[in-house]
Amino acid sequence: MSPHAARTGRVRRSIAIGLPLAVVAALTVAGTATGRPDGGHGAARVTATATLGDIPLGTFSNKLMPGTVKDDRGVDLGGIGSDLYPTGRKGEFWAVTDRGPNGQIKIDGKKRRTFPVPGFDPAIVKIRVREDKVDVVSALPLTTSSGKPVTGLPNQEGRDEAPYSYDAKTPVSYDPNGLDTEGLVRAPDGTFWLVDEYGPSLVHVSARGKVIKRYVPRGLKLRDADYPVVEALPGVLLHRKTNRGFEGLTQLPGGDLVMAVQSPLSLPDEDAGEGSRTTRLLRFSPRKQAVTAEYAYRFDPVGRVDPGEDDTSELKISSVVATGRDRLLVQERTDRAARLHAVTLRRGANILGGKWDRSTTRPSLEQLDDPVSSGVPVLDKRLVVDLNTVAGVPGKIEGVARVDSRTLALINDNDFGMSDGPEAFDKDGRLVDSGTETTVTYVRLPRRY
């Protein structure tokens, strides 16, 4: 649970089956604050906060795909904060769930990944912000070529974490169709592009939610998926850290997509990735159906991003937002803090196909303490706002949308109200909710970015 979200009490509501999915939200007081003028970014303030009310997850899911969720174990709709993308209408956004409720429980000293609602199907959700409320307007289930739910379950035994039941005692089947969806954009033709953490992969989805094609790293060898799978991404991405594949996605004005690897690759091993501050952005041409550029991105020291935190492996990118031709906002975060930087994708910074894409290169890109001194053209960046200094911003911000040249909309990932450990569920197998709500927060910046 985030420290900010803990202040907001959870209010239970029920929704009758058959009623519209629009929901009533808990009252949240919008905060106003002055940000610290570090690095010349000046003051920023929260201008409004809206909260998603409680919709039983079974009610939501079974309306979209009847019979997918037999028992939601008391879990409500959540996790839609994986990304946020404007629909073009004031106050409306596309959002996307992640793979669904999941946690970790230690059994015999080893962590097991739990999936309390294994039938959950990730969905694209249209939401509307009205004053202090977030309403669900509509939703699209993600489906395979034959119309089956993709699920959020891991794909491959031996590569992905093994899935278990809510109490971590019973194995759950892998699913080659499963997606851990994160970043989201809507293309001009009405289709959607998503990124996924498992592959990691880039996924093209129809306007109705059907997977058109999934682009994965060369050498992944994903078998038996019920949709087209194309090995079109650099093979070095096979070294992604577990649960840290692609998370940020945006579309540039010219149509190219930019996706961010959430954390440094585990190259040559896990220890190197855990201690590294260098991750990668990739540029993909939908017209060519190919990656056309790759960039090295350097995180700030973890203590600068999140004062008091000393674990470098907590650094992540969860959102990238296009602000112009070849210009982005890139979010650096931990679960408690986040900062946004302005970045320009310089042509001379392209490292695609070079030695840093070879898994045999030593030291690897991730092992370099000072990549610039080793000749790596690391992307330049400029701090736009430190959200940690803006009162009223919740923890675990994963989605960022551009409202205008001075206003951002932020959405948090509430993890479906789940926490890790056996205490996440009571003796009857019902969720003990964390109390963390899904909120959309508007932040006004002091100047254009």
Side-chain angles (χ1 to χ4, degrees), residues 39 41 83-86 182-188 193-195 200-202 215 217 232-234 236-237 240 245-265 276-300 305 315-333 338-357 365-366 368 370-372 374-385 399-402 405 408 445 448-449:
H41 70 264
D83 208 358
L84 202 62
Y85 193 81
E182 296 292 345
L184 162 81
V185 300
R186 191 171 193 238
W193 291 92
L194 304 168
V195 286
S201 54
L202 174 67
Y215 300 90
L233 309 182
V236 72
L237 298 175
R240 62 99 174 97
F246 290 141
E247 183 138 332
L249 176 70
T250 194
Q251 188 158 37
L252 298 171
D256 282 0
L257 300 165
V258 178
M259 42 201 171
V261 182
Q262 186 181 20
S263 295
L265 301 179
S276 179
R277 289 198 288 119
T278 306
T279 190
R280 304 173 190 232
L281 306 182
L282 285 92
R283 185 168 184 153
F284 181 90
S285 168
R287 182 177 61 84
K288 297 178 180 179
Q289 297 189 46
V291 173
T292 58
E294 179 182 355
Y295 309 94
Y297 182 90
R298 185 79 169 159
F299 287 103
D300 283 342
V305 178
L315 291 169
K316 307 160 191 170
I317 293 177
S318 285
S319 186
V320 289
V321 181
T323 59
R325 185 178 180 84
D326 299 330
R327 296 198 306 274
L328 309 171
L329 284 180
V330 178
Q331 179 220 42
E332 297 182 21
R333 74 166 181 92
R339 287 153 58 99
L340 290 165
H341 296 264
V343 173
T344 299
L345 302 176
R346 295 181 291 109
R347 181 174 299 180
N350 185 4
I351 62 171
L352 181 67
K355 66 177 182 178
W356 307 116
D357 271 353
L365 176 62
E366 288 70 23
L368 299 176
D370 184 1
V372 174
S374 297
V376 180
V378 174
L379 292 173
D380 296 327
K381 62 184 186 180
R382 172 180 57 84
L383 181 65
V384 171
V385 62
V400 179
R402 191 184 194 209
S405 62
L408 301 173
L445 303 179
R448 288 186 175 188
Y449 50 88

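Counting begins at 1 with the first residue of the sequence. Fair warning: this is a prediction, and the values are worked out from it, not measured in the lab.
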Heavy-atom side-chain contact between [X] and [Y] under 4.5 Å:
X	Y	value
W356	V236	no
V384	L445	yes
V321	L408	no
F299	V305	no
V343	D380	no
L84	L184	no
P200	P217	yes
L282	L237	yes

Given D300, which of R333, K381, R277 fulfils the salt bridge (Lys or Arg N to Asp or Glu O under 4.0 Å) condition?
-> K381
First locate atom [atom1] of [X], then atom [atom2] of [Y], and finally report the distance between them rounded to the nearest 0.5 Å.
X	Y	atom1	atom2	value
L379	Y297	CG	OH	8.5 Å
R402	Y85	CZ	OH	11.5 Å
W193	L249	CH2	CG	9.5 Å
L329	R339	CG	CZ	13.5 Å

Before giving the answer on side chain to side chain contact (heavy atoms under 4.5 Å, CB included), spell out for L345 and N350 the whole-Å C-alpha distance, their side-chain angles and the decisive distance to 0.1 Å.
-> CA-CA 8 Å; L345 302 176; N350 185 4; over 6 Å; no
Would you tabulate the side-chain donor-acceptor contacts of residues 251-264 under 3.5 Å, counting partners in other chains and residues two or more places apart, or write 'none'?
unit_1, atom_1, unit_2, atom_2, d
Q251, NE2, G255, O, 2.9
D256, OD2, R283, NE, 2.9
Q262, NE2, E247, OE1, 3.1
S263, OG, R244, NH1, 2.7
S263, OG, L315, O, 3.3

Search all heavy atoms of [X] against all heavy atoms of [Y] and return the closest pair with its distance.
X	Y	value
V320	G248	CG2-C, 3.6 Å
R382	Y449	NH2-O, 3.8 Å
A296	V376	CB-CG1, 3.8 Å
R298	L368	NH1-O, 3.7 Å
S319	G399	OG-C, 4.3 Å

Please assess F246 against L233 for the test side chain to side chain contact (heavy atoms under 4.5 Å, CB included), listing each intermediate value before the final yes or no.
-> CA-CA 12 Å; F246 290 141; L233 309 182; 3.7 Å; yes
Have a look at L365 and tell me which of V378, T278, T279 forms a side chain to side chain contact (heavy atoms under 4.5 Å, CB included) with it.
-> T278
In this structure, are over 12 heavy atoms from other groups packed under 6.0 Å from R346 atom CZ?
-> yes
State which residues pass salt bridge (Lys or Arg N to Asp or Glu O under 4.0 Å) with D357; sequence neighbours excluded, sorted by chain then number.
-> R280
Could you give the side-chain donor-acceptor pairs of residues 285-293 under 3.5 Å, partners two or more places apart or in another chain?
unit_1, atom_1, unit_2, atom_2, d
S285, OG, R287, N, 3.4
S285, OG, K288, N, 3.1
Q289, OE1, K213, NZ, 3.1
Q289, OE1, Y215, OH, 2.8

